[in-house]
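To start, the structure itself, in structure tokens.
Here is how names work: the chains are called A, B, and so on, in the same order as the sequence lines, proteins then strands, and each is numbered from 1.
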Amino acid sequence: MVKNAAARVDTRRATLSRWLDPDETTLAILLLAPTAILLSVMIVYPVGRLIYTSFLDLSLTSGLPSRFSGLANYQQMLDDPVFWQATWNTILITLITVPGSLLVGLGLALLANLPFQMKWPMRLSLLIPWALPLSFAGLIFAWFFHSEYGVVNDMLNRIGLPGVIWFNSPRLAFTAICLTIIWKASSFMAMIILAGLQTIPRSLYEAADVDGAGRVRQFFEITLPLLKPTIVVALIFRTITSLQTFDIPYMMTGGGPGTSTATLAMYIHQNTVSFLDLGYGSALAVVMFGLSMCVTALYLRMIRGSETVS
Amino acid sequence: MSASVSSGTGSLLSGKPLRVIAALILVVNGLFPALWILLTSFKTEAELTAKPITWLPHAATLRNYHQAFSDQPLLTFLFNSFMVALLSTALTLLVSVLAAYALARLNLRFRGLIMSVIIAVSTFPLVTLLVPLFETMRALNLLNSWTALILPYTVLSLPVCTLVLTSFFEAIPRDLENAAMIDGCTRFGALFKVVVPLSAPGVFTAGILAFVNSWDEFLLALSFNSNPGLRTLPVGIQLYQGEFAFPWPIISAALVVGIVPVAILIVIFQERVVSGLTAGGLKG
């Protein structure tokens, strides 16, 4: 009896210690389970659900029960001029702001890499734009570009140019949005590039100095080639975020005038939250998901590539 | 071609005057918008509509701040933003500490695959989750609750935090854990008593990244929480605009109130934020 009870206590202790001090495999499962559960519930299931919903006629305003409608939502998309406009705007924003923020970011990074005695003001001037919420940046710049009281038109006037009404013309509104995005995104670019710059050995430049290579040549023959992996990864990352553009145009123009500055993300939001047309909204989201995953695949390849090199 | 040249690693410019110009460009570019908002928040409506526009407020007033808090429940917006950001940061840290430990220490067979999945998730367009999460939250009756935001925000920050923490954990010598375990610590004990305290800077970094992510998020907050008492700051700030009027000085005051907490955080932890961004940002 006594022996039996002791054995039972022993097994219980063993179970307890197995939980507290599990073997490698159990431990791995325990440690990764919360992540796996969160990702499954918040991403894997919703994506499955998204694809399923995109084949449904599911509009909460119609009051009708959802029914399977095959490719009808996708068919509707092909005939929907706003969809094409929003997609084109999204692509155009990407084509303009990704290289734009790279160039500005590269410039800022080169400036920030100078041997300053006080480094924190430079660091701060890159960090604050990064930390500023996109929606705040949209609001602030909407006001910068205000036709009467905006500081942009004020500065144009000061140098003798006429101010313009930024948000009345599709082209000008689009320009203002792109400038804002470039401002906001370039600080993140600059920080990544700055980190890359600081890994370049100083001795390379010293050697180039000895060889008599000028600053410009050093930039093109040392700095740029060594920065290339950093830049490519930053570019792809920026492209992925750019495809999701929402906050800045939403705050600056609300997609207007008309739908001329709407992005795909804004159109998904409008169809889902305003029109409650979940079926069509899902189909739009599937298209964006596809676009984004293509770029992500490229991104993963680049990162894998750079890991094997280093 | 001497000391001053070689210290300008990789830059096209050198010399003191150029450095001053560079500093000016950087600071004006980075801080002008925030500074402009700060100046505007002290202006009167009359000063705002003066032509040509005044740059510095002549009769600085705190009225706009008073208005910002009384016209809309700004304090409630702040509280919601703060609690949602804080709770999702705590949850993110808890989950990502565990995952990062597994990635840094265990001989996982599918480590490469798991890393790829985490990086892929970090690029995930949140807006595509709008429809299914909207449906799920509606079905679970979670629309208009903090939870409706805390859960997606946790997933939003999880990848970058896991990557940052993994690189910090990898830098801690295994011997320290082994010693702790010989002294009778369990594996979990070693993780929370040795590894986590020693990587406190990394945990801080990850925490700030998660906090800023949640504090900034707009789309889901806009879509899931329409109840006035549950709006976060980015969503609430829109409410100041009337149908035709746009009270800029008051909006500016509200924006300043929203920027200051994160700005303080950034000023205090700037070095850690930079290292975290480049450790996590480059990889994901």
Side-chain angles (χ1 to χ4, degrees), chain A residues 20-21 24 27-28 31-32 34-35 38-39 42 46 49-50 53 110-115 121-129 131 133 135-136 140 143 149 154 191-192 195 197 200 202 205-206 209 215 219 223 233 240 244 246-247 265 268 272-273 278 281-282 285 288-289 292 296 299-300, chain B residues 1 5-12 19 22-23 25-27 30-31 33-34 36-37 48-49 52-53 95 98-99 101-102 106 108 116 119-121 123 125 127-134 151-152 154-155 186-187 212 216 218-219 223 234 248 255 262-263 266 270 273-274 277-278 281-282:
Chain A
L20 284 177
D21 235 347
E24 198 100 335
L27 187 66
L31 290 173
L32 291 168
T35 304
L38 263 175
L39 294 189
M42 302 305 290
R49 177 100 206 161
L50 174 78
T53 312
L110 288 172
L111 293 180
N113 197 36
L114 291 174
M122 317 307 147
R123 217 181 281 144
L124 219 55
S125 60
L126 293 183
L127 278 175
I128 295 288
S135 53
F136 286 16
I140 295 173
W143 185 35
Y149 313 124
D154 179 62
M191 260 182 304
I192 302 280
L197 277 176
I200 301 178
R202 200 172 287 186
Y205 296 101
E206 283 159 8
D209 276 341
R215 301 258 135 219
F219 176 74
T223 313
V233 167
I240 295 167
Q244 308 171 27
F246 178 85
D247 306 20
I268 294 173
T272 309
V273 177
L278 302 189
S282 299
M288 176 185 256
F289 181 71
S292 185
T296 298
Y299 183 57
L300 282 175
Chain B
M1 295 279 152
V5 171
S6 53
S7 58
T9 40
S11 55
L12 291 164
R19 246 179 289 161
I25 294 175
L26 280 166
V27 171
L31 305 183
W36 189 252
I37 287 301
L48 196 76
T49 51
I53 61 171
V95 175
L98 299 178
Y101 184 76
L106 304 181
L108 298 174
S116 298
I119 293 170
V121 170
T123 68
V127 64
T128 61
L129 294 181
L130 192 60
V131 183
L133 283 184
F134 186 79
L151 289 177
T154 300
V155 173
T186 62
R187 209 73 202 237
V212 171
D216 290 3
F218 175 64
L219 177 69
S223 313
W248 282 112
L255 284 171
V262 174
I266 299 282
Q270 39 166 322
V273 182
V274 172
L277 269 180
T278 45
L282 254 190

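- For chain A, the nearby part of B:V262 is the side chain; its heavy atoms alone come within less than 4.5 Å.
- Annotation: maximal heavy-atom pairing with chain A below 4.5 Å, among B:P125, B:A102, B:S116, occurs at B:P125.
- Note that the CG atom of B:L108 and the CG atom of A:L31 stand 9.0 Å from one another [nearest 0.5 Å].
- For the atom pair B:L26 CG and A:L124 CG, the distance stands at 11.5 Å (nearest 0.5 Å).
- Atom OG1 of A:T272 and atom CG of B:L219 lie 9.0 Å apart (nearest 0.5 Å).
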Run B:F134 and A:L278 through side-chain contact (heavy atoms from CB on, under 4.5 Å) and show every step you take.
CA-CA 9 Å; B:F134 186 79; A:L278 302 189; 4.3 Å; yes
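- Chosen from A:L39, A:I128, A:T53, A:D154, the residue pairing most often with chain B at heavy-atom distances under 4.5 Å is A:D154.
- Contact count versus chain A (heavy atoms, under 4.5 Å) is highest, among B:L129, B:I25, B:T154, for B:L129.
- Using cut-offs of 30° and 60° on the angle between ring planes, the pair A:W143 and B:W36 is tilted.
- For the pair B:T128 and A:S292, the minimum side-chain heavy-atom distance is 4.5 Å or more.
- Contact detail for A:P133 and B:D216: the closest heavy-atom pair is CG-OD1, 3.3 Å.
- With a threshold of 4.5 angstrom between heavy atoms, A:F246 approaches chain B through side-chain atoms but not through N, CA, C or O.
- When each of A:M122, A:R49, A:M191, A:R123 is scored by its heavy-atom pairs under 4.5 Å with chain B, the top score falls to A:R123.
- Heavy-atom minimum distance, B:V131 versus A:G281: CG2-C, 3.9 Å.
- Here the closest non-hydrogen pair linking B:G30 and A:P129 is O-CG, 3.5 Å.
- Proximity to chain A involves both the backbone and the side chain of B:L255, based on heavy atoms less than 4.5 angstrom apart.
- Side-chain contact between B:L98 and A:T35 is absent, with no heavy atoms from C-beta onward closer than 4.5 Å.
- Residues B:A22 and A:L114 share a closest heavy-atom pair of CB-CD1, 3.4 Å.
- Both the backbone and the side chain of A:E24 come within less than 4.5 Å of a heavy atom of chain B.
- Annotation for B:P234 and A:F136: closest pair CA-CE1, 3.9 Å, computed over non-hydrogen atoms.
- With a 4.5 Å cut-off on non-hydrogen atoms, A:L38 touches chain B through its backbone and its side chain both.
- Shortest non-hydrogen contact noted between B:V127 and A:M288 is CG1-SD, 3.1 Å.
- The CG atom of A:L126 lies 11.5 Å from the CD1 atom of B:I266; values are rounded to the nearest 0.5 Å.
- Both the backbone and the side chain of A:S282 come within less than 4.5 Å of a heavy atom in chain B.
- Comparing B:A23, B:P33, B:A99 by how many heavy-atom pairs each has under 4.5 Å with chain A, the most go to B:P33.
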